[in-house]
Amino acid sequence: MSPHIRKLNRIRLAGFIGLLAFFLLAVVIVENLLVSTLVAFVISYLLNPIVNNMERNGLSRLWSTALTFLLAGLVIGVTVFLILPNFSSAILGLQKEAPNYISGFSQLIEELEAHLSELFGPLISLDLKEYAVGSLTHGSEVFFNRLPGFLKQTITVMLLGPFIAFFMVKDGRPLLRRALNIIPNHIFETALSLQHQINHQIGHFVRARLLEALIVGLVTWVGLVLVQFPFSLLLALFAAITNLIPYIGPLIGMIPALIIALVNGSSSVELFLVFSVFATAQVIDAFLLIPFFVAKIVNLHPVTVILVIIAGSQFMGVLGMIISIPLASALKVTFETLYLHLTESRI
Amino acid sequence: MNTFTWSNLFRKDSREKSVLETLSQTHIFGNLSKRELGLVMQTIHVRDYAPGENIFSQGELGIGMYIILQGKVDVFSSGPTAREETRLVTQLQSGDFFGELALVEQQGRRSATAIASTDSSLIGFFKPDLMEILERQPQTGSKIVLRLAEVLGRRLKQTSLKLSELRLEAEINAGRLKT
């Protein structure tokens with residue numbers, strides 16, 4: 001390769017890396033842009049197949065995108081309109097009942113502490129009650145105080161996310177092609193292949209995980225309604241969201257319902273029924289949803305998954321736990337592809 | 001300043017026109033309608049190469065084919081062992097295409113090295129692009145795949161013919177040696 005070509009390649013590569021770094025920096029620095037971009041990616045991965053389907057039937061890209069977004073907006077609007085009264089009354093009810101649940105929970109802890117003291121005597125001195133009640137009171141105060149701010153941020157993200165997603169679906173491909181144009185010739189095929197594989201894998205992953213969360217949420221909701229458990233919608237929504245976190249998510253999703261059942265003094269049969277609802281959702285998830293939708297999309301070892309989730313939670317909390325798996329799988333694809341492209345084997 | 005912008009715009013237009021013309025004259029895209037060619041235009045990548053610049057090397061992982069829009073490309077090949085000398089297989093020019101096997105192979109490796117011998121512009125058409133067309137317009141995608149199969153079949157026929165000729169030649173030579 002001549003020095004001129006080498007210099008040109010270096011300039012092009014620096015340009016591409018600079019563009020990528022600028023985009024990442026802007027996303028991290030500008031308020032709400034990181035979450036909005038993540039939401040936009042999720043929306044575009046969800047709606048892209050529908051837009052493609054419309055395009056296959058003869059509609060232009062613009063019309064397919066506009067119609068899909070309109071339809072999705074309509075479906076979400078109607079759903080929100082239908083469940084909002086129920087949802088807001090559940091939130092208000094929970095806020096009103098929170099002190100009762102905290103005192104009930106403290107009583108439970110007190111009883112547990114007494115049992116432990118009976119069993120182990122003065123050997124151990126626990127201050128579980130103060131610790132648990134303190135963190136619960138602090139947690140609920142923080143939650144309800146931050147709720148307006150969180151709702152404001154959510155509204156911003158909910159407006160900005162779909163807006164970015166619309167242009168991602170409509171113009172994403174030509175924009176990406178233009179960005180790929182500045183990649184030097186000698187690594188162009190590798191970069192294109194890498195981009196395609198990552199996009200394909202993350203798209204499948206996002207769609208599968210959201211479908212999984214939706215089904216788990218629905219099963220939990222129906223189950224809790226059937227056993228006439230309070231706050232069924234809120235608890236099902238919580239279970240659906242926490243289900244996005246592999247392995248530990250389903251356990252976290254079960255905790256609020258079990259606390260409510262224990263504090264309400266539910267009988268052991270009622271407690272068993274509530275537990276069964278969550279267990280059924282998990283059995284459906286483990287034996288039907290994961291093998292058919294999720295497995296083999298992200299081929300990561302369970303130990304890697306746990307380590308990646310811990311790392312994600314350290315950096316970005318719950319959001320980090322959710323996005324750590326697709327990020328790790330993207331990194332895995334990158335290394336595998338680079339390894340395949342860089343190891344030249346002569347035929 | 002204005003003149004520069006206008007001249008650039010026209011140059012871009014004329015380049016697009018020549019890309020469209022080259023695509024319509026390439027066998028793989030030859031039976032596509034104007035609208036279908038428009039979709040192909042949205043997926044392909046036009047790449048510029050300096051003289052002596054590698055397009056791809058033998059043994060490298062390949063993901064697609066190239067059509068020469070302008071310029072010349074030399075194709076070199078070396079034998080299975082590293083000791084064997086690299087030799088020029090063919091010289092390709094505007095309108096010729098190469099590397100199409102990589103469009104259908106799973107992690108296929110390039111069987112030859114392609115180097116631009118003059119300032120060249122190539123149209124790259126890769127597996128992700130073909131997948132995109134198949135996803136967005138399956139009818140257009142199947143037309144391309146059928147033509148691609150036709151080209152690969154023809155290449156296979158030529159190779160078999162060449163192989164038979166070589167075998168016959170070898171047999172004749174062996175017979176002569178015996179007698």
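Lettering of chains follows the sequences in order, A, B, ..., and the numbering in each one begins at 1.
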Reported CG-to-CD distance for the pair L8(A) and E53(B), which is rounded to 0.5 angstrom:
7.5 Å

Take atom CZ in F41(A); do more than 12 heavy atoms of anything else shown fall under 6.0 Å from it?
no

R47(B) (side chain) donor-acceptor with F188(A) (main chain) under 3.5 angstrom:
no

Straight-line distance of E135(B) CD to N52(A) CG, nearest 0.5 Å
4.5 Å

Among the options M54(A), H200(A), R177(A), R61(A), pick out the one with the most heavy-atom pairs lying under 4.5 Å from chain B.
R177(A)

For the student: nearest non-hydrogen atoms of G64(B) and E189(A), plus distance
N-OE1, 4.0 Å

Pick one of side chain, backbone, both or neither for R173(A), based on which atoms fall under 4.5 Å of a heavy atom in chain B.
side chain

Heavy atoms under 4.5 Å from chain A: which residues of residues 142-168 of chain B carry them?
none

Just to verify, which of Q197(A), Q195(A), H196(A) counts as forming a side chain to side chain contact (heavy atoms under 4.5 Å, CB included) with P128(B)?
H196(A)

Minimum side-chain heavy-atom gap R56(A)-P138(B) below 4.5 Å:
yes

How many angstroms lie between atom CD1 of I183(A) and atom NE2 of H45(B), to the nearest 0.5 angstrom?
10.0 Å

Once you round to the nearest 0.5 Å, how far does OG1 of T190(A) lie from CD of E60(B)?
7.0 Å

Between atom CG of N54(B) and atom CG of N185(A), what is the distance when rounded to the nearest 0.5 Å?
10.0 Å

Could you tell me which portion of T140(B) (side chain, backbone, both or neither) has an atom closer than 4.5 angstrom to a non-hydrogen atom of chain A?
neither

